[in-house]
Amino acid sequence: MSVTNQALEEFLSRSPLQVGPELLGARLSRQSEDGLVTVRLTEVEAYCGQQDPGSHAFRGPTRRTEPMFGPPGRLYVYFSYGMHWCTNLVAHEPGVAGALLLRAGEVVEGHELVLARRRKEVWNEKIASGPANLAQALGLDGASTGLDLASAGMHLELPAHAEEYLASGRVGVSGAGGDPVAYPWRYYLPHRSVSAYRPGKNVPNLNR
DNA sequence: GGCCTGATGGCCT
DNA sequence: GGCCATCAGGCCA
């Protein structure tokens, strides 16, 4: 479903818990100098504000996390494990931080460019599986954090109808925020591109 | 200034 | 399933 910028802004000006499931199946494209890539989002995770112990926004804004506190519709891209970039789409109600971590997608356009960016010879359904791989497929890095979608050359097309989805605890989130009972905020479609679940350290409720 | 940790991914067994 | 590279951010002194 194609929507106006204003409609998209309203769509994203809600809790990440509402936005997350509705983002599944959306087509996200990015036009850059080297070409166009479009993915169909198959896996996202919701991160809220200062009430969410798993969120980078938990301890309040910092230079890095400032975009999560800014207007919905911008990107929050952060560097992880010394070698990976991960992309979030900022979404929240007024006055609270929040974002959706884009964890996996099905590439529907720009296969050759994705192969080149991922430095692969052979196509694989999981080529954009996992947040760092998805960011790389879209050609995103820290240069894009804080930009709105248009400024990053991106366009989001929402799905025409809601898709049947699954939920689980968030991948690799340690401590209370990784609790799958309290924070079942990973949303995904039944699709081969979805990444493997991995619990964080010291997560409660794992054995329930 | 120093120390610890991580919203990971790829390679090895 | 296990291991670990690699470095920025965040916290504490």
Side-chain angles (χ1 to χ4, degrees), chain A residues 15-17 19-21 23-24 28 39 41-69 74-92 96-105 107 114-146 166-188 192-206:
Chain A
S15 164
L17 306 186
V19 174
L23 222 39
L24 295 174
L28 182 65
V39 301
L41 294 176
T42 56
E43 178 185 359
V44 302
E45 277 174 4
Y47 288 88
C48 296
Q50 296 182 256
Q51 314 302 319
D52 174 4
S55 173
H56 287 172
F58 183 59
R59 296 173 197 283
T62 65
R63 184 195 301 276
R64 179 178 65 143
T65 62
E66 184 278 327
M68 281 188 75
F69 293 80
R74 297 202 179 176
L75 298 172
Y76 165 48
V77 186
Y78 68 91
F79 190 61
S80 183
Y81 287 94
M83 54 183 82
H84 306 293
W85 293 100
C86 300
T87 306
N88 293 251
L89 180 60
V90 175
H92 56 71
V96 280
L100 282 306
L101 173 66
L102 309 182
R103 288 196 55 91
V107 178
V114 171
L115 275 174
R117 284 175 172 163
R118 296 275 294 109
R119 299 183 184 185
K120 299 282 183 188
E121 306 276 330
V122 186
W123 187 256
N124 182 318
E125 283 290 336
K126 298 180 97 64
I127 200 158
S129 179
N133 290 333
L134 178 58
Q136 195 171 42
L138 289 167
L140 291 168
D141 61 23
S144 295
T145 197
L166 302 160
S168 79
R170 295 175 292 187
V171 174
V173 175
S174 297
D179 182 346
V181 175
Y183 304 97
W185 294 351
R186 170 174 175 250
Y187 311 111
Y188 58 100
R192 296 179 299 283
S193 62
V194 171
S195 68
Y197 178 73
R198 181 199 325 174
K201 297 172 188 167
N202 308 314
V203 171
N205 288 317
L206 267 188

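Numbers restart at 1 for each chain; the letters A, B, ... are given by sequence-line order, proteins then strands.
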(message) Using a 4.0 Å heavy-atom cut-off, does A:Gly54 contact any base of the nucleic acid, only the sugar-phosphate backbone, or nothing at all?
(response)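 Result for A:Gly54 = base.
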Would you mind reading off the distance between [X] atom [atom1] and [N] atom [atom2], rounded to a whole angstrom?
X: A:Asp179; N: B:dA7; atom1: CG; atom2: C1'; value: 16 Å
X: A:Arg170; N: B:dT8; atom1: CZ; atom2: P; value: 12 Å
X: A:Arg186; N: B:dT8; atom1: CZ; atom2: C1'; value: 14 Å
X: A:Leu102; N: B:dT8; atom1: CG; atom2: C1'; value: 16 Å
X: A:Tyr197; N: B:dA7; atom1: OH; atom2: P; value: 13 Å

(request) Quick one: which residue pairs count as a salt bridge (charged side-chain N to carboxylate O under 4.0 Å, His left out) with a foot in residues 57-67 of chain A, not counting sequence neighbours? (result)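 Residue pairs passing salt bridge (charged side-chain N to carboxylate O under 4.0 Å, His left out), neighbours aside: none found.
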Spell out, as yes or no, whether a donor-acceptor pair under 3.5 Å connects the side chain of [X] to the backbone of [Y].
X: A:Glu45; Y: A:Val171; result: yes
X: A:Asn88; Y: A:Val90; result: no
X: A:Arg170; Y: A:Gly177; result: yes

For nucleotides 10-13 of chain B, which of its nitrogen or oxygen atoms have a protein nitrogen or oxygen under 3.5 Å away, and what is each distance?
from: B:dG10; atom 1: OP1; to: A:Arg118; atom 2: NH1; distance (Å): 3.3
from: B:dG10; atom 1: OP1; to: A:Arg118; atom 2: NH2; distance (Å): 3.3

(request) Under 3.5 Å for both distances, Watson-Crick or G-U wobble, that's the pair rule; now give the dot-bracket for DNA chain C, with | marking pairs to another strand and [ ] for crossing ones. (result) |||||.||||||.
(request) Apply the ring pair (Phe, Tyr, Trp, His ring centres under 6.0 Å) test between A:Trp85 and each candidate in A:Tyr78, A:Phe79, A:Tyr76; give the one that qualifies. (result)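 Between A:Trp85 and the candidates, ring pair (Phe, Tyr, Trp, His ring centres under 6.0 Å) is satisfied uniquely by A:Phe79.
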(request) For A:Val181 and A:Pro184, work out which heavy atoms get closest and say how close. (result)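 Shortest heavy-atom contact: O-CD, 3.6 Å.
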(request) Identify, with sequence neighbours excluded, every residue that meets side chain to side chain donor-acceptor pair (under 3.5 Å) alongside A:Arg186. (result)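 Expected list: A:Glu43, A:Ser168.
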(message) Please confirm whether the shortest side-chain N or O distance from A:Ser174 to OP1 or OP2 of B:dG6 is below 4.0 Å.
(response)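 For A:Ser174, the contact criterion (side-chain N or O under 4.0 Å from OP1 or OP2 of B:dG6) is met.
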(request) Mark up nucleotides 1-13 of chain C, 5' to 3', with B wherever a protein heavy atom is under 4.0 angstrom from a base atom, S wherever such an atom reaches only the sugar-phosphate, and - elsewhere. (result) ----BBBSSSS--
Less than 3.5 Å apart, which donor and acceptor atoms pair up between the side chains of residues 125-134 of chain A and the rest of the protein, not counting sequence neighbours?
from: A:Lys126; atom 1: NZ; to: A:Arg192; atom 2: O; distance (Å): 2.8
from: A:Lys126; atom 1: NZ; to: A:Val194; atom 2: O; distance (Å): 2.9
from: A:Ser129; atom 1: OG; to: A:Ser193; atom 2: O; distance (Å): 2.8
from: A:Ser129; atom 1: OG; to: A:Ser195; atom 2: N; distance (Å): 3.4
from: A:Asn133; atom 1: OD1; to: A:Arg118; atom 2: NH1; distance (Å): 3.3
from: A:Asn133; atom 1: OD1; to: A:Arg118; atom 2: NH2; distance (Å): 3.2
from: A:Asn133; atom 1: ND2; to: A:Ser129; atom 2: O; distance (Å): 2.9

State, with a plain yes or no, whether a side-chain heavy atom of [X] is found less than 4.5 Å away from one of [Y].
X: A:Leu28; Y: A:Leu138; value: yes
X: A:Tyr47; Y: A:His92; value: no
X: A:Ser174; Y: A:Asn202; value: no

